[in-house]
Novice: 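Have a look at this one before I ask anything.
Throughout, protein chains are lettered first and strands after them, A, B, ... in sequence-line order, and every chain is numbered starting at 1.
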Protein chains: 4
Amino acid sequence: MSPSTTRRAELLAVAADVFAEQGYSATTVRQIADAAGMLAGSLYYHFDSKESMLDEILSGFLDELWAGYDAVLEADLAPRATIEALVTESFREIDRHRAAVAIYQKESRQLSAHPRFAYLAAAQEKFEKTWLGTLERGVAVHAFRADLDARLTYRFVRDTVWVAASWYRPGGQHSPEEIARQYLSMVLDGIAVQT
Amino acid sequence: MSPSTTRRAELLAVAADVFAEQGYSATTVRQIADAAGMLAGSLYYHFDSKESMLDEILSGFLDELWAGYDAVLEADLAPRATIEALVTESFREIDRHRAAVAIYQKESRQLSAHPRFAYLAAAQEKFEKTWLGTLERGVAVHAFRADLDARLTYRFVRDTVWVAASWYRPGGQHSPEEIARQYLSMVLDGIAVQT
Amino acid sequence: MSPSTTRRAELLAVAADVFAEQGYSATTVRQIADAAGMLAGSLYYHFDSKESMLDEILSGFLDELWAGYDAVLEADLAPRATIEALVTESFREIDRHRAAVAIYQKESRQLSAHPRFAYLAAAQEKFEKTWLGTLERGVAVHAFRADLDARLTYRFVRDTVWVAASWYRPGGQHSPEEIARQYLSMVLDGIAVQT
Amino acid sequence: MSPSTTRRAELLAVAADVFAEQGYSATTVRQIADAAGMLAGSLYYHFDSKESMLDEILSGFLDELWAGYDAVLEADLAPRATIEALVTESFREIDRHRAAVAIYQKESRQLSAHPRFAYLAAAQEKFEKTWLGTLERGVAVHAFRADLDARLTYRFVRDTVWVAASWYRPGGQHSPEEIARQYLSMVLDGIAVQT
DNA sequence: TATGAATGAGAGTTCATTCAT
DNA sequence: GATGAATGAACTCTCATTCAT
């Protein structure tokens, strides 16, 4: 790994934290530079623009996310096990890319209108195909309830998982796997005592 | 109601839509003015600042929300019925104040650092007390599962409901009450077929 | 003429003077604003960008120039009289648009690469067609010498006239018509005593 | 000649081309470095500043120009022959220093205000003395027309020659001497058929 | 009530220049 | 001799805000 690659990665991590904390628009390049211990102009030695930093952060995250998801999907598990694996993988990604996930959550809708970020809309679609498809297959094999609106269920599961990035702090008392386990328990079996 | 009050309300509705669509920082006063069919400077006849528009939007929404919640809580229902009523009331608020809720979701964390928006942090606390308290009482009376981390459950229920504002469109095929019913069904009983 | 049109014209005149004096790239928006007695940002109420000011200056000048030239050409004079009329008209344009002409002289070559300023290349071509055509017709009717390279002659006449914008100062001791007369005398008959 | 001297000359030639092509202000040090196949910072091993490159280019050109002019003047020819020799020498300089001449033409007026480039103003003066003096002596001996404004004639001859640098390309179909011959023919005898 | 024009602070970005390696 | 990384000043441009009309 060349030194410049390392430096870029460091700076992107800093930028991602600031973007996640303050929002993309509300973040100034000077704030990122301050956090990185350099001057605003110096960032432009490494990056073309503020937007390109955002781009690298998001696309880098999505690349890793799909790698994880693809590994899960290739295992070709039963629907319920697939959902469990996807949720667990998602929490692992939140653990590793918390800032990027938070940014994605907050900004992707607006961004996807921008041609440069069209891949966010594509990701959204692939996302839906993956999760919704698994849920529907689960309904077909009687693993999941048939009396629920499928798209509503999809949104419920999806949001429920990803919103966690807004409060999750890596290194907290629960590991990603433990949080995934409890979330799955709630999502699959509900929070009510079953009578 | 004075005419100026009406005009303010109209303008606030316009502003809320733009804020919700683009994010508060990314929204320019000119965009709001364009949407309202006037010039940017003219907005300052009605409002002190961009920030004060945001303030009115959010505090107006929270006032109505608490009115609804207080009515629910005064009914002094059993924990599970209380949760059901709170969730239903929440979806009604999303239906009536979609834009405000979306803004609240996206911006409240950063804004609450600002003294002017300290009430957002207070609301957050009161929120937590209300929901977490109800969940804990529910656990005590064996209405809700005791094997889950209470704060995790709280976040799960809270997020699950409010994130809906990001995709909900008033006048869609499901009424707020119908969405609430399905969400409650998922949250309480899970999406898995119970064996 | 609406007041905004008047103001724009004033500001463009100021900008043209500064551009002509310092060169387009070397001119800062602040210098223009200073010369206009306002702040740099205020210029953006009237113009989209520094480049758009340049654009208006140049295209405005060219529009008037072609109007003048077309009037000359429509008179359908003999070649020598046409050249005389074109030269005279050119000096009148230099008198009225000194700054714009100076800018055109200095910047048009680089600018014409820019798509926005493609009309400069087009003007250059129409220019050449007009002058070179007239010169060639003049050669055909034995008004102009046949022993000279036509393109060289064209450049000679063209440059000779337009470079004057770099030293010409309106309101000097010679009127544009007087300068034109002397220039024509040199260009047509030479500076040597004819033996 | 030390290797560093050679390298400097190469780099100056590159810089001159870029300056001539884009204009001094519009040229970035990085563009010069790119054209020279090195990084921007590396140029500073060879030169103090962008300005010093310009300085060397212009003063180098002027030194050679004066050497040529002085040789002409020392020959002590008749006025008309002197003018012919100066024009021919000028086209030879354009041939050898095309870029420098183009830069001189475009930038010298603004630069001469700068103390560092005061020699440009001095050159301008010496220039005028040389040419205008020769023209006046020519008028005195009835070689040149007496009915023309002398300064106007001076500017006419001067501009006529130097502007050629803006379109001249070394290695074209006409040699500098041939171009000089035709220019002289036009300047001295005019483009009209003498009756 | 609204407009047109301006302000002034600050944003993103560029760029000549420096310097340790 | 050249590189990679950084500096710092200045630049173009944006935008919330003001105010006379």
Side-chain angles (χ1 to χ4, degrees), chain A residues 2-8 10-11 24-33 36-54, chain B residues 3-4 7-8 11 24-33 36-54, chain C residues 2-4 6-8 11 25-33 36-53, chain D residues 3-4 7-8 11 24-33 36-54:
Chain A
S2 80
S4 103
T5 303
T6 308
R7 190 75 177 110
R8 280 173 75 88
E10 284 169 19
L11 293 173
Y24 173 70
S25 303
T27 297
T28 74
V29 167
R30 274 175 181 87
Q31 288 172 322
I32 298 172
M38 59 182 358
L39 290 175
S42 306
L43 284 171
Y44 289 81
Y45 179 77
H46 301 278
F47 305 99
D48 285 343
S49 64
K50 180 184 169 187
E51 195 181 83
S52 80
M53 294 186 222
L54 179 62
Chain B
S4 100
R7 191 78 178 105
R8 281 174 74 89
L11 294 173
Y24 174 70
S25 308
T27 296
T28 72
V29 168
R30 207 180 157 190
Q31 288 172 323
I32 299 171
M38 57 183 6
L39 291 178
S42 307
L43 281 172
Y44 287 80
Y45 179 82
H46 301 278
F47 304 99
D48 284 345
S49 65
K50 181 184 168 186
E51 197 181 77
S52 78
M53 293 185 226
L54 178 62
Chain C
S2 80
S4 102
T6 306
R7 191 75 178 112
R8 281 173 75 89
L11 294 172
S25 304
T27 297
T28 73
V29 167
R30 261 190 190 77
Q31 288 172 323
I32 299 171
M38 58 182 0
L39 291 175
S42 307
L43 284 171
Y44 289 82
Y45 178 77
H46 301 277
F47 305 100
D48 284 344
S49 63
K50 181 185 167 185
E51 195 180 82
S52 79
M53 292 186 225
Chain D
S4 99
R7 191 79 177 103
R8 282 173 72 87
L11 294 172
Y24 173 70
S25 307
T27 297
T28 73
V29 168
R30 205 179 158 190
Q31 287 172 323
I32 300 171
M38 57 183 5
L39 290 178
S42 308
L43 281 172
Y44 287 80
Y45 179 82
H46 301 279
F47 304 99
D48 285 344
S49 65
K50 180 184 169 187
E51 197 182 75
S52 78
M53 292 186 226
L54 178 62

Novice: Between P on F:dA6 and CG on D:Leu39, what's the gap in Å once rounded to a whole number?
Specialist: 15 Å
Novice: Step by step, would you call A:Glu10 with A:His46 a side-chain contact (heavy atoms from CB on, under 4.5 Å)?
Specialist: CA-CA 11 Å; A:Glu10 284 169 19; A:His46 301 278; over 6 Å; no
Novice: Could you tell me the separation between the CE atom of A:Met38 and the C1' atom of F:dA6, rounded to a whole number of Å?
Specialist: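 Whole-Å distance recorded here is 6 Å.
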Novice: Classify the nucleic acid contact of C:Ser42 as base, sugar-phosphate or nothing, counting any heavy atom under 4.0 Å across all strands shown.
Specialist: base
Novice: Can you measure B:Ile32 atom CD1 to F:dT17 atom P for me and round it to whole angstrom units?
Specialist: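 For the pair B:Ile32 CD1 and F:dT17 P, the rounded distance is 10 Å.
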Novice: Please tell me if the side chains of D:Leu43 and D:Met53 come closer than 4.5 Å, counting only heavy atoms from C-beta onward.
Specialist: yes
Novice: Taking the nucleotide of DNA chain F with the closest heavy atom to each, which residue, B:Tyr24 or A:His46, is nearer the 5' end?
Specialist: A:His46
Novice: On DNA chain F, does the nearest nucleotide to B:Val29 precede the nearest nucleotide to D:Gly41 from the 5' side, or the other way round? Give the residue.
Specialist: D:Gly41
Novice: So, is B:Arg7 near the phosphate of E:dA2, with a side-chain N or O under 4.0 Å from OP1 or OP2?
Specialist: yes
Novice: Output the rounded distance in Å from OH (A:Tyr44) to C1' (F:dG8).
Specialist: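 Value for this atom pair: 15 Å.
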Novice: Tell me which residues in residues 47-54 of chain D put a heavy atom below 4.0 Å from DNA chain E, sorted by number, or none.
Specialist: D:Ser49, D:Lys50
Novice: I'd like to know if A:Arg30 reaches the base of E:dG12 with its side chain, counting only an N/O donor and acceptor under 3.5 Å.
Specialist: yes
Novice: Taking atom P of E:dT3 as reference, at what distance in whole Å does atom OH of C:Tyr45 sit?
Specialist: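 Rounded to whole Å, this separation is 10 Å.
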Novice: For E:dA11, give the paired nucleotide (Watson-Crick: N1-N3 plus N6-O4 or O6-N4; G-U: N1-O2 and O6-N3; both under 3.5 Å), or none.
Specialist: F:dT12
Novice: Compute both the distance and the angle, then confirm whether A:Lys50 meets the cation-pi test with A:Tyr44: under 6.0 Å from the six-membered ring centre, within 45 degrees of the axis.
Specialist: no
Novice: Using the closest heavy atom to pick a nucleotide of DNA chain E for each, name whichever of A:Ala40 or C:Leu11 lands nearer the 5' end.
Specialist: C:Leu11
Novice: Classify the nucleic acid contact of C:Ser25 as base, sugar-phosphate or nothing, counting any heavy atom under 4.0 Å across all strands shown.
Specialist: nothing
